[in-house]
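Here is the structure we will look at, set down as structure tokens.
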Protein chains: 2
Amino acid sequence: MTIRDVAKSAGVSPATVSRVLNKPDLVEPETRERVRFAMEKLNFQPNAIARGLSAQRSDTLGLIVPGITDLFFNELYRGIDRASQSYGMKVLLFNAEHARDRALDGFSFLGQHQVSGIIFTSKLVTEEFDPVLQRLRIPVVLVLTQSTAKTPLQAFRVDDIKAVFDVVSYLVSRGHHRIGMIAGKQDHEITGQLRLRGYEMGLQHFGIPYDPRRVEYGDYRFDEGYSAMQRLLDRQRDLQLTAVCTAADEMALGAIRCLYDNGLRVPEDMSVVGFDDLQISRMILPRMTTVAQPFADIGAHAVRWLMGVLGQDQTPSETGIYFLPHRLVERESVLTLV
Amino acid sequence: MTIRDVAKSAGVSPATVSRVLNKPDLVEPETRERVRFAMEKLNFQPNAIARGLSAQRSDTLGLIVPGITDLFFNELYRGIDRASQSYGMKVLLFNAEHARDRALDGFSFLGQHQVSGIIFTSKLVTEEFDPVLQRLRIPVVLVLTQSTAKTPLQAFRVDDIKAVFDVVSYLVSRGHHRIGMIAGKQDHEITGQLRLRGYEMGLQHFGIPYDPRRVEYGDYRFDEGYSAMQRLLDRQRDLQLTAVCTAADEMALGAIRCLYDNGLRVPEDMSVVGFDDLQISRMILPRMTTVAQPFADIGAHAVRWLMGVLGQDQTPSETGIYFLPHRLVERESVLTLV
DNA sequence: TTGTAAGCGTTATCAT
DNA sequence: ATGATAACGCTTACAA
């Protein structure tokens with residue numbers, strides 16, 4: 001079932017059929033209807049592949065995610081998918097399964113599929129990406145991360161430093177002074193360093209000395225949140241922490257679980273603050289106080305930016321980091337000290 | 001950068017370049033290397049779209065999901081993605097955003113993109129799908145659901161009836177007799193009816209009379225799990241339930257939250273059993289006892305089945321429902337009564 | 001307003 | 001073992 005069959009059935013040329021598909025106003029209403037009728041009758045479905053080849057564009061945006069099982073993925077994807085649709089674009093997903101080289105593969109995979117633009121998520125873009133990035137003739141935008149590579153890349157994310165700074169301020173305002181941190185591993189993702197930096201700056205701002213023994217590290221997942229908390233607890237006799245802030249909700253979940261397993265309650269015996277505001281963070285017990293990242297919004301911005309670049313034909317005129325506003329969501333995991 | 005450029009650079013014909021790409025052994029080792037070298041030098045990336053058009057296949061499987069924000073999506077996708085890759089296939093995702101007509105759109109979207117097969121998830125396939133299914137010339141496989149349409153469709157899922165039956169048995173073996181159920185809405189997904197049926201059969205088997213007042217319904221999401229539990233609790237003086245089984249982990253989460261908001265503890269005052277075994281179910285407090293669905297496995301089976309059909313050229317010889325084994329995961333949300 | 005025809009970048013069939 | 005050449009199904013100048 002091709003455009004030719006429709007053309008024959010409608011008694012017009014293939015070009016006309018193509019026109020009613022793409023620029024219906026260029027064709028006389030009467031013939032247009034005739035063609036549409038033929039399409040209906042023959043149940044014609046245009047071949048998106050042929051269309052893409054001929055028109056030299058696939059109307060597709062590529063999305064590279066570090067791992068599909070990351071709990072923030074869903075919301076981010078939703079934002080990107082919705083925004084894409086509003087531009088008549090589709091999304092082609094590439095899951096790097098948390099492997100660095102797979103992330104690199106993602107670029108050529110998407111390149112081969114002729115995507116118009118690429119959204120890269122979450123992992124830091126380092127210099128080792130440069131060769132790939134250089135020869136790629138497709139605009140790339142970063143989301144929830146940034147680049148330390150030579151290739152300048154536009155990024156959309158929240159101000160991680162400021163966000164954790166705000167968390168510390170909030171905790172101090174609730175009477176906390178001995179505040180611990182479960183940070184992301186420093187070599188892992190850029191947010192690991194940034195969020196730790198926000199913690200340091202927060203303490204500094206309130207004249208609280210920074211004590212490295214109050215900081216533990218994890219890989220952003222539940223299990224390492226749990227074990228990081230356990231290590232903190234092992235020193236708790238010295239530390240006397242009253243609150244812990246974390247670099248990720250999922251680690252906060254682990255921390256909370258660990259606290260309970262040690263016979264401590266949240267927030268009565270220890271306050272915990274997360275980061276992300278995943279769907280589940282409001283479902284658990286206690287409802288988690290956390291920093292909300294506007295995932296859907298961030299995704300939408302990335303798409304919009306790409307479409308802008310594509311509109312003015314491949315000139316990423318200016319690049320930099322665009323910070324979207326985060327929001328501290330107060331729920332039940334922080335105790336107000338007298 | 002096309003196959004012709006490479007050909008020119010290597011001093012061969014385009015056909016030869018194509019051969020080293022697809023059937024390297026048909027070309028003399030020496031020329032093969034020469035071509036490969038040229039590809040390297042020119043940083044050639046084959047155009048997947050052109051390839052698809054010419055070869056009349058896209059090496060792609062389509063996946064239709066009801067909603068990307070469903071918490072089970074991630075694991076299912078992972079299973080499907082992995083299995084697909086092992087067959088050299090890619091996955092094109094279509095998110096129906098929980099809208100029935102969007103689900104239908106999914107078929108034509110994927111059809112236009114020339115996917116070799118379609119995996120349809122979770123929503124019941126009813127007769128209204130028949131017209132679309134009939135004219136679709138692509139094999140379809142169902143996952144986590146089944147079909148009541150005329151078109152026979154292969155399905156992979158767990159035995160929902162048996163699973164909830166097992167839950168009831170388990171609860172009875174722990175001394176529970178007054179067992180409530182938070183079921184899925186009956187018009188929603190097939191599993192809604194099936195799981196409720198399992199509950200009924202479980203009760204019947206143990207000689208416990210079925211009392212409709214012990215059953216409430218929700219749409220599988222947290223909030224409705226919460227309100228369903230609240231409705232049950234409103235009757236709790238009469239009901240005297242000691243345990244509740246649910247049709248979904250997410251609703252169980254809502255139920256647990258509701259119980260705590262009513263000053264009741266889980267499992268001390270009420271036992272709760274989930275369904276799905278989402279990642280988070282082991283992270284929360286109390287760790288949830290639930291029925292594990294082998295999502296990744298189910299996905300892998302679906303892919304394998306499709307590839308089988310495609311191998312023997314479009315003949316879905318036999319179709320039916322293939323049940324994958326579920327597993328009751330005992331954790332902490334059920335109390336053993338003396 | 002509509003038709004003709006030349007691609008788009010591959011693959012695949014024939015020859016050689 | 002390699003090279004011409006005709007598809008694949010559509011879009012898009014250009015012509016009519």
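Note: hydrogens, waters and symmetry copies are ignored here, and every other heavy atom, side chains too, is used. In this text the structure is predicted, and so the values were computed from the model without any measurement. So you know, we letter chains A, B, ... as the sequences are listed, proteins then strands, and number each from 1.
Within the 4.0 angstrom heavy-atom criterion, only backbone atoms of the sugar-phosphate kind lie near B:Val12; the bases stay farther away. Using a 4.0 Å heavy-atom distance criterion, B:Ser18 is classed as a base contact.
Rounded to a whole Å, the CZ atom of B:Arg4 is 13 Å from the P atom of D:dA6. Between the CD atom of B:Gln112 and the P atom of D:dG9 there is a distance of 15 Å, given to the nearest Å. With rounding to whole Å, A:Ile3 atom CD1 is found 14 Å from D:dC8 atom P. When the C1' atom of D:dG9 is taken as reference, atom CD of B:Gln114 falls 9 Å away, rounded to whole Å.
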Under 3.5 Å, N/O pairs linking protein and nucleotides 14-16 of chain D:
none

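Minimum heavy-atom separation, A:Ile298 to A:Arg157: CD1-CA, 4.2 Å. Taking both residues in full, the closest heavy atoms of A:Gln134 and A:Thr151 are given as NE2-OG1, 3.4 Å, listed atom of the first, atom of the second, then distance. When all heavy atoms are compared, the tightest approach of B:Ala10 to B:Ala38 is CB-CB, 3.9 Å. Across all their heavy atoms, B:Gly320 and B:Gln154 have their closest contact at N-OE1, 2.9 Å. Pairing each heavy atom of A:Ile3 with each of A:Phe44, the nearest pair is N-CE1, 3.6 Å. In terms of heavy-atom proximity, B:Met39 sits nearest to B:Leu21 at CE-CD1, 3.2 Å.
Sorted by first and then second residue, the pairs that involve residues 36-46 of chain A and meet salt bridge (charged side-chain N to carboxylate O under 4.0 Å, His left out), not counting sequence neighbours, are A:Glu33-A:Arg36. Residue pairs meeting the salt bridge (charged side-chain N to carboxylate O under 4.0 Å, His left out) criterion with at least one partner in residues 70-79 of chain B, sequence neighbours excluded, are B:Asp70-B:Arg221. Applying the salt bridge (charged side-chain N to carboxylate O under 4.0 Å, His left out) definition to pairs two or more places apart or across chains, none involves residues 298-308 of chain A.
By the salt bridge (charged side-chain N to carboxylate O under 4.0 Å, His left out) test, B:Lys90 is found to be paired with no residue, residues two or more places apart in sequence or in another chain being considered. B:Glu28 is linked by a salt bridge (charged side-chain N to carboxylate O under 4.0 Å, His left out) to nothing, counting only residues two or more places apart in sequence or in another chain. Partners of A:Ala7 according to the side-chain contact (heavy atoms from CB on, under 4.5 Å) rule, which considers only residues two or more places apart in sequence or in another chain, are A:Val12, A:Pro14, A:Val17. Partners of A:Ser108 by side-chain contact (heavy atoms from CB on, under 4.5 Å), not counting sequence neighbours, listed by chain and number: B:Gln45.
Partner B:Leu110 forms a side chain to side chain contact (heavy atoms under 4.5 Å, CB included) with one of B:Leu61, B:Ile119, B:Ile64 and no other, that one being B:Ile64.
Ring geometry, B:Phe73 versus A:Phe73: the interplanar angle falls under 30°, so the pair is classed parallel (tilted spans 30 to 60°).
Taking for each of B:Ser13 and A:Ala15 the nucleotide of DNA chain D with the nearest heavy atom, the 5'-most of the two is the partner of B:Ser13.
Here the range on DNA chain C touched by chain A, meaning any atom under 4.0 Å from one of its heavy atoms, is C:dT1 to C:dG9.
Less than 4.0 Å separates DNA chain D from at least one heavy atom of each of the following residues of residues 22-41 of chain B: B:Leu26, B:Val27, B:Glu28, B:Thr31. Sorted by residue number, the members of residues 53-60 of chain A with any non-hydrogen atom under 4.0 Å from DNA chain D read A:Ser54, A:Ala55.
Taking five base pairs at each end of the helix from C:dT1-D:dA16 to C:dT16-D:dA1 and finding the rotation axis that steps the C1' atoms of four pairs onto the next four gives two axes whose angle is 30°, to the nearest 10°.
A donor-acceptor contact shorter than 3.5 Å is absent between the side chain of A:Tyr322 and the backbone of A:Ala302.
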